[in-house]
Trainee: 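Shown below is the structure under consideration.
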2 protein chains.
Amino acid sequence: MARRNDHSHEEIRDMALAAAEQIIVEQGSDGLTARKVASEIGYTVGTLYLVFANLDDLIMHINARTLDRLHQLMTDGETPNRIEKDRLIQLGQIYIHFAHSDPHRWALIFEHRPSDDRPTPDWYIEKAMRVFAVVEETLQPLAPRRTKSELSQAACALWAGIHGICILGITQKLGDVGEDSVQELAKSLMVNYLSGFSNNQA
Amino acid sequence: MARRNDHSHEEIRDMALAAAEQIIVEQGSDGLTARKVASEIGYTVGTLYLVFANLDDLIMHINARTLDRLHQLMTDGETPNRIEKDRLIQLGQIYIHFAHSDPHRWALIFEHRPSDDRPTPDWYIEKAMRVFAVVEETLQPLAPRRTKSELSQAACALWAGIHGICILGITQKLGDVGEDSVQELAKSLMVNYLSGFSNNQA
DNA sequence: CTTAAATTGTGAACAATGTTCAATTACACT
DNA sequence: AGTGTAATTGAACATTGTTCACAATTTAAG
């Protein structure tokens with residue numbers, strides 16, 4: 001059976017992504033195989049390779065979706081009137097909760113290393129930057145006298161810091177801790193960092 | 001040819017670890033295969049499985065060695081007379097330099113996720129804790145009035161933070177930055193965090 | 001020194017993986 | 001109906017981790 005025309009390539013692409021995501025959520029990245037995804041959508045491996053260059057390509061697209069959902073959560077219900085410090089801390093909470101509620105999809109973003117020959121595509125970098133920009137914008141009002149580059153650096157340090165806590169927390173590298181403890185750690189990091197960052201500005 | 005008795009199992013174990021580490025250093029974890037390690041030491045796959053339970057087991061032992069080397073670097077040339085704040089910042093520098101100078105072996109520690117059925121062995125956790133303890137001990141004199149649990153939490157937050165910066169720096173997730181930039185970010189994190197942590201104590 | 005037993009290493013075999021591509025099938029148009 | 005085109009297939013290939021019946025060699029016994 002060929003040329004079934006049941007679905008356009010665009011449709012197959014979306015079906016494959018949805019099926020792949022379900023596998024990831026349920027079984028983690030180890031459970032993801034080309035054959036499984038294909039059979040799940042009623043096609044065969046060959047078809048998958050008509051739509052994606054390879055599994056890495058498919059994973060990149062899953063990750064893009066994950067970044068979109070994270071960005072959505074971080075900008076959802078934005079309350080600009082709120083005290084900015086709380087808003088930043090809230091961002092950290094959102095990130096950590098996101099990672100804990102969907103650990104497999106979250107982990108997939110960082111398990112994937114860009115191979116040397118195929119560098120990370122621009123459209124992907126752009127999505128990652130979009131998430132990061134939210135942090136930067138939220139930080140800005142907290143230290144108005146800092147230069148743009150100082151702000152960028154601080155946002156970077158803070159966000160990477162939260163991320164590190166998240167990683168060590170979820171992968172249990174520092175003992176058996178729940179989401180609550182991770183939230184505590186992150187809050188401690190943000191509050192103390194901000195205290196130094198805001199007070200010591202020129 | 002069996003029972004060659006050229007080497008004891010202990011010796012084979014060490015040779016295999018050395019060969020595997022060389023492969024990791026040169027090619028990264030993707031290049032590591034059972035057959036490669038075996039042929040490198042002049043034995044066959046079967047023999048490898050007499051000495052290690054499986055590849056995960058072998059990797060755990062490599063990671064243990066890596067942790068030992070890191071611990072060595074962190075406690076080497078200890079100068080207790082030095083200002084403690086500088087000492088802590090120095091620890092961060094050591095960690096970041098370690099990661100950059102040996103990215104493949106460093107990454108291997110975090111790529112490896114403990115499988116559900118075989119939890120991380122105690123001897124491994126102990127080695128990880130040993131590294132972490134150095135941070136805790138160095139932090140203690142900086143905030144004498146804090147409780148033990150507060151100190152532990154702060155050390156955790158700080159260390160995880162440094163680690164996060166390291167990850168995003170090395171994997172280039174936040175653009176193309178060199179070791180110097182990563183060092184800057186880490187220093188920013190530590191200085192500002194410490195400022196808040198030391199000043200605001202009861 | 002010969003022979004039997006114990007032990008140590010082998011490598012063929014298996015199931016699974018990502019990936020490719022000649023062959024096959026179904027559709028659209030004349 | 002017939003013909004060409006394009007979509008889909010799935011068998012095939014190279015690798016992977018892992019196992020285990022067997023073979024080779026050392027050791028012990030007679």
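Protein chains get the first letters and strands the later ones, always in sequence-line order, with residue 1 at the start of each. Below, each value reflects all heavy atoms present in this structure, side chains not excepted, and no hydrogens, waters or symmetry copies.
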Trainee: Rounded to whole Å, please give me the gap between NE2 in B:His7 and P in C:dT10.
Mentor: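 B:His7 atom NE2 is separated from C:dT10 atom P by 12 Å.
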
Trainee: Report the residue (B:Gly42 or A:Thr47) whose heavy-atom-nearest nucleotide on DNA chain C is the more 5′ of the two.
Mentor: B:Gly42

Trainee: Identify, with sequence neighbours excluded, every residue that meets salt bridge (Lys or Arg N to Asp or Glu O under 4.0 Å) alongside B:Glu184.
Mentor: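 For B:Glu184 there are no salt bridge (Lys or Arg N to Asp or Glu O under 4.0 Å) partners, ignoring immediate neighbours.
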
Trainee: Take the protein atom CG of B:Asp6 and the nucleotide atom C1' of D:dA24, then report the distance between them rounded to whole Å.
Mentor: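 B:Asp6 atom CG is separated from D:dA24 atom C1' by 13 Å.
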
Trainee: Would you kindly give the OH-to-C1' distance between A:Tyr43 and C:dA26, to the nearest whole Å?
Mentor: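 Atom OH in A:Tyr43 sits about 12 Å away from atom C1' in C:dA26.
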
Trainee: Examine C:dG9: is either OP1 or OP2 under 4.0 Å from a nitrogen or oxygen in the side chain of B:His9? Give yes or no.
Mentor: yes

Trainee: Just jot down the side-chain contact (heavy atoms from CB on, under 4.5 Å) partners of A:Leu73, sequence neighbours excluded, or say none.
Mentor: A:Ile94, A:Phe98

Trainee: With sequence neighbours left out, write down each residue that passes side-chain contact (heavy atoms from CB on, under 4.5 Å) with A:Glu21, or none if nothing qualifies.
Mentor: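 Result, side-chain contact (heavy atoms from CB on, under 4.5 Å) vs A:Glu21: A:Ile62, A:Arg65, A:Arg69, A:Arg105.
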
Trainee: A:Arg130 and A:Asp68: salt bridge (Lys or Arg N to Asp or Glu O under 4.0 Å), yes or no, with the steps?
Mentor: CA-CA 9 Å; A:Arg130 242 175 99 224; A:Asp68 281 346; 3.4 Å; yes

Trainee: Taking only residues two or more places apart in sequence or in another chain, which ones pass side-chain contact (heavy atoms from CB on, under 4.5 Å) with A:Thr75?
Mentor: A:His71, A:Glu78, A:Val134

Trainee: Could I get the full list of side-chain contact (heavy atoms from CB on, under 4.5 Å) partners for A:Glu10, not counting sequence neighbours?
Mentor: A:Ser8, A:Arg13

Trainee: Are A:Phe110 and A:His163, when compared by the centres of their aromatic rings, separated by less than 6.0 Å?
Mentor: yes

Trainee: Which salt bridge (charged side-chain N to carboxylate O under 4.0 Å, His left out) pairs, counting each pair once, include a residue from residues 147-168 of chain B, with sequence neighbours left out?
Mentor: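 Salt bridge (charged side-chain N to carboxylate O under 4.0 Å, His left out) check on residues 147-168 of chain B returns B:Arg146-B:Glu150.
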
Trainee: For nucleotides 14-19 of chain D, give me one character per nucleotide, 5' to 3': B if any protein heavy atom sits under 4.0 Å from the base, S if the only such contacts are to the sugar-phosphate, - if neither.
Mentor: --SBBB

Trainee: Does a nitrogen or oxygen in the side chain of A:Thr44 sit under 4.0 Å from OP1 or OP2 of D:dT9?
Mentor: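 It does, given that an N or O in the side chain of A:Thr44 lies less than 4.0 Å from OP1 or OP2 of D:dT9.
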
Trainee: Below 4.0 angstrom, which residues in residues 11-26 of chain B have at least one non-hydrogen atom near DNA chain C?
Mentor: none

Trainee: Using whole Å, report how far CD of A:Glu10 lies from P of D:dA7.
Mentor: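 So the two atoms are 14 Å apart, to the nearest Å.
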
Trainee: Quickly work out the A:Arg4 CZ to D:dG10 C1' distance and round it to whole Å.
Mentor: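 In whole Å, D:dG10 C1' lies 14 Å from A:Arg4 CZ.
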
Trainee: Identify all side-chain donor-acceptor contacts of residues 37-47 of chain A below 3.5 Å with residues at least two apart in sequence or on another chain.
Mentor:
{"unit_1": "A:Ser39", "atom_1": "OG", "unit_2": "A:Lys36", "atom_2": "O", "d": "3.4"}
{"unit_1": "A:Tyr43", "atom_1": "OH", "unit_2": "A:Arg4", "atom_2": "NH2", "d": "3.1"}
{"unit_1": "A:Tyr43", "atom_1": "OH", "unit_2": "A:His7", "atom_2": "ND1", "d": "3.0"}

Trainee: Among residues at least two apart in sequence or on other chains, which ones pass salt bridge (Lys or Arg N to Asp or Glu O under 4.0 Å) with B:Arg113?
Mentor: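 With sequence neighbours excluded, B:Arg113 shows a salt bridge (Lys or Arg N to Asp or Glu O under 4.0 Å) to A:Asp30, A:Glu111, given in chain and number order.
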
Trainee: Quick one: ring pair (Phe, Tyr, Trp, His ring centres under 6.0 Å) pairs with a partner in residues 138-159 of chain B, sequence neighbours left out?
Mentor: B:Tyr95-B:Trp159

Trainee: What integer distance in Å separates A:Leu50:CG from D:dT9:C1'?
Mentor: 10 Å

Trainee: Grab the N/O contacts between the protein and nucleotides 28-30 of chain C below 3.5 Å, and write none if there aren't any.
Mentor:
none

